[in-house]
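Data first, discussion second: the structure below is written as structure tokens.
FYI, side chains are in, hydrogens and waters are out, and symmetry mates aren't considered; it's all heavy atoms of this structure. Each chain gets a letter, A, B and so on, in the order its sequence line appears, and its residues count up from 1.
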Number of protein chains: 2
Amino acid sequence: METTRQRLPAAERRESILAAATVVFGERGYAGATTDQIATAAGISQAYVVRTFGSKETLFVEVARRAVGRIEAAFRSAIEADDGRPVDQRLGQAYLELIADRGILLALLHIFSLGNDPAIGPVGREGFLTIYRLVRDEAGLAPEDASHFLAEGMLINTVLALQLHDCDDPDALELVTQACGGDLVRFRALAAG
Amino acid sequence: METTRQRLPAAERRESILAAATVVFGERGYAGATTDQIATAAGISQAYVVRTFGSKETLFVEVARRAVGRIEAAFRSAIEADDGRPVDQRLGQAYLELIADRGILLALLHIFSLGNDPAIGPVGREGFLTIYRLVRDEAGLAPEDASHFLAEGMLINTVLALQLHDCDDPDALELVTQACGGDLVRFRALAAG
DNA sequence: GTCTATATTATGATAGAC
DNA sequence: GTCTATCATAATATAGAC
């Protein structure tokens, strides 16, 4: 017999759609993802996805804000949890752990690549600067170090998007190993979910 | 009176479409760009764009290969032109100069973000690894340095895509200054075309 | 080599029932 | 809170003329 559709409170439904949308947008990009794919991933109807957020664009913006929020949260707790290691090392690990949160990093990559879009651009800029300020002001990194840190983060996003960690190619694995600071096995495990 | 449409040899027409497509794909991404926008940018009809490359997907793949080719060419000439400065500095400058070649870097960013796509993914991986091998084997950078170099490159792509160089925000400008190695004015001039 | 016209499909969004 | 049905549009691709 069939499972009846779950009736959820609005807040939970929103969150479940956002989670599904993050994965789908992360895989296909903003324009490439369809509200129908997101609906299927969330286990509801296409119309309901659109109705809940008003439009695909609004949904994407919410996904972007949520993704930035996750990064902020991860970084803040890495800053607080002082275990003796230098703060940039703690931040780097926190960022890598986010790979497990499927789609967050990939969705961000797509958001950042759409700076030209009148609706999405401002959200991307604000999000990126928010993260920059966090690592500079709250973690206390010098501008140069903060910039390097973001650069390494963008490389991680890229090798993750390209799925180089699943390649057989030895050069790909060498590069991923460098990008993740040495622990390829862990990177793979996180990416596999 | 109207200018008559230029009749061009096949090779030149292909190149002019590729150039236009690079800009449009760079601004909107693969799925977000339409063959009609590309046609307008190239000054020809939509049908002719599709007919020349067979499909939008094929066109995008050609754009990707051309973009990677441009980077290879720029890096090879930077490696050859030994002016006494360390090679990674020459490479960095060569990469920055590519900003002037409108769309190349932005198109690449979009290509690299679509690793999941069955047709585009392999092209993106191949392109990225080609560049990695070039800076490692031909420029002679150690894997760690090659990785850092690519990371800085991805940061440049990102701030360019986000158009942080056109922001008023002082933090944005600080970050772009770091990303481009100090010369914000030059970065802006290159980006302005 | 290049265009106009059009077939075809896909997708975002809306209306209205339950 | 959620669905089904449907509208409207946009966009890729094809056919065929010049």
Side-chain donor-acceptor pairs under 3.5 Å in residues 154-163 of chain A, sequence neighbours left out?
{"unit_1": "A:Asn157", "atom_1": "OD1", "unit_2": "A:Tyr95", "atom_2": "OH", "d": "2.6"}
{"unit_1": "A:Asn157", "atom_1": "ND2", "unit_2": "A:Tyr95", "atom_2": "OH", "d": "3.1"}
{"unit_1": "A:Thr158", "atom_1": "OG1", "unit_2": "A:Met154", "atom_2": "O", "d": "2.8"}

Who pairs with B:Gln46 by side chain to side chain contact (heavy atoms under 4.5 Å, CB included), at least two apart in sequence or on another chain?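 Scan of B:Gln46 (side chain to side chain contact (heavy atoms under 4.5 Å, CB included), adjacent residues dropped) gives B:Thr35, B:Asp36, B:Ala39, B:Val50.
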Contacts of type side chain to side chain contact (heavy atoms under 4.5 Å, CB included), residue B:Ser77, not counting sequence neighbours: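 Here no residue qualifies.
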First-last contacting nucleotides on DNA chain C - partner chain B, under 4.0 angstrom, heavy atom: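 So the outermost contacting nucleotides come out as C:dG1 to C:dA5.
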Does any pair with a residue in [range] pass side-chain hydrogen bond (donor to acceptor under 3.5 Å, both in side chains), and if so which ones, sequence neighbours excluded?
range	value
residues 115-131 of chain B	none
residues 21-32 of chain B	B:Thr22-B:Arg66, B:Glu27-B:Arg102
residues 141-154 of chain A	A:His148-B:Glu152, A:Glu152-B:His148
residues 176-187 of chain A	A:Glu97-A:Arg186

Taking only N/O atoms, report every protein-nucleotides 12-14 of chain D pair under 3.5 Å with atom names and distance.
{"unit_1": "D:dT12", "atom_1": "OP1", "unit_2": "B:Thr35", "atom_2": "N", "d": "3.4"}
{"unit_1": "D:dT12", "atom_1": "OP1", "unit_2": "B:Lys56", "atom_2": "NZ", "d": "3.3"}
{"unit_1": "D:dT12", "atom_1": "OP2", "unit_2": "B:Thr35", "atom_2": "N", "d": "3.0"}
{"unit_1": "D:dT12", "atom_1": "OP2", "unit_2": "B:Thr35", "atom_2": "OG1", "d": "2.6"}
{"unit_1": "D:dA13", "atom_1": "OP2", "unit_2": "B:Lys56", "atom_2": "N", "d": "2.9"}
{"unit_1": "D:dA13", "atom_1": "N7", "unit_2": "B:Gln46", "atom_2": "NE2", "d": "3.2"}
{"unit_1": "D:dA13", "atom_1": "N6", "unit_2": "B:Gln46", "atom_2": "OE1", "d": "3.1"}

Hey, can you pull the donor-acceptor pairs under 3.5 Å for the side chains in residues 105-114 of chain A, sequence neighbours left out?
{"unit_1": "A:His110", "atom_1": "ND1", "unit_2": "A:Phe25", "atom_2": "O", "d": "3.4"}
{"unit_1": "A:His110", "atom_1": "ND1", "unit_2": "A:Gly26", "atom_2": "O", "d": "3.4"}
{"unit_1": "A:His110", "atom_1": "ND1", "unit_2": "A:Leu106", "atom_2": "O", "d": "3.2"}
{"unit_1": "A:His110", "atom_1": "NE2", "unit_2": "B:Ser113", "atom_2": "O", "d": "3.3"}
{"unit_1": "A:His110", "atom_1": "NE2", "unit_2": "B:Ser113", "atom_2": "OG", "d": "3.4"}
{"unit_1": "A:Ser113", "atom_1": "OG", "unit_2": "A:His110", "atom_2": "O", "d": "2.8"}
{"unit_1": "A:Ser113", "atom_1": "OG", "unit_2": "B:His110", "atom_2": "NE2", "d": "3.4"}

A:Ala172 and A:Cys167: which non-hydrogen atoms are nearest, and at how many Å?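 Closest approach of A:Ala172 to A:Cys167, heavy atoms only: CB-CB, 3.8 Å.
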Which dot-bracket string fits DNA chain D when only Watson-Crick or G-U wobble pairs with both atom distances under 3.5 Å count, crossing pairs get [ ], and | stands for a partner on a different strand? ||||||||||||||||||
Inter- and intrachain pairs under ring-ring contact (aromatic ring centres under 6.0 Å, His included), touching residues 165-193 of chain A, at least two apart: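 Every ring-ring contact (aromatic ring centres under 6.0 Å, His included) pair that includes a residue of residues 165-193 of chain A, provided the two are not neighbours, is A:His165-A:Phe187.
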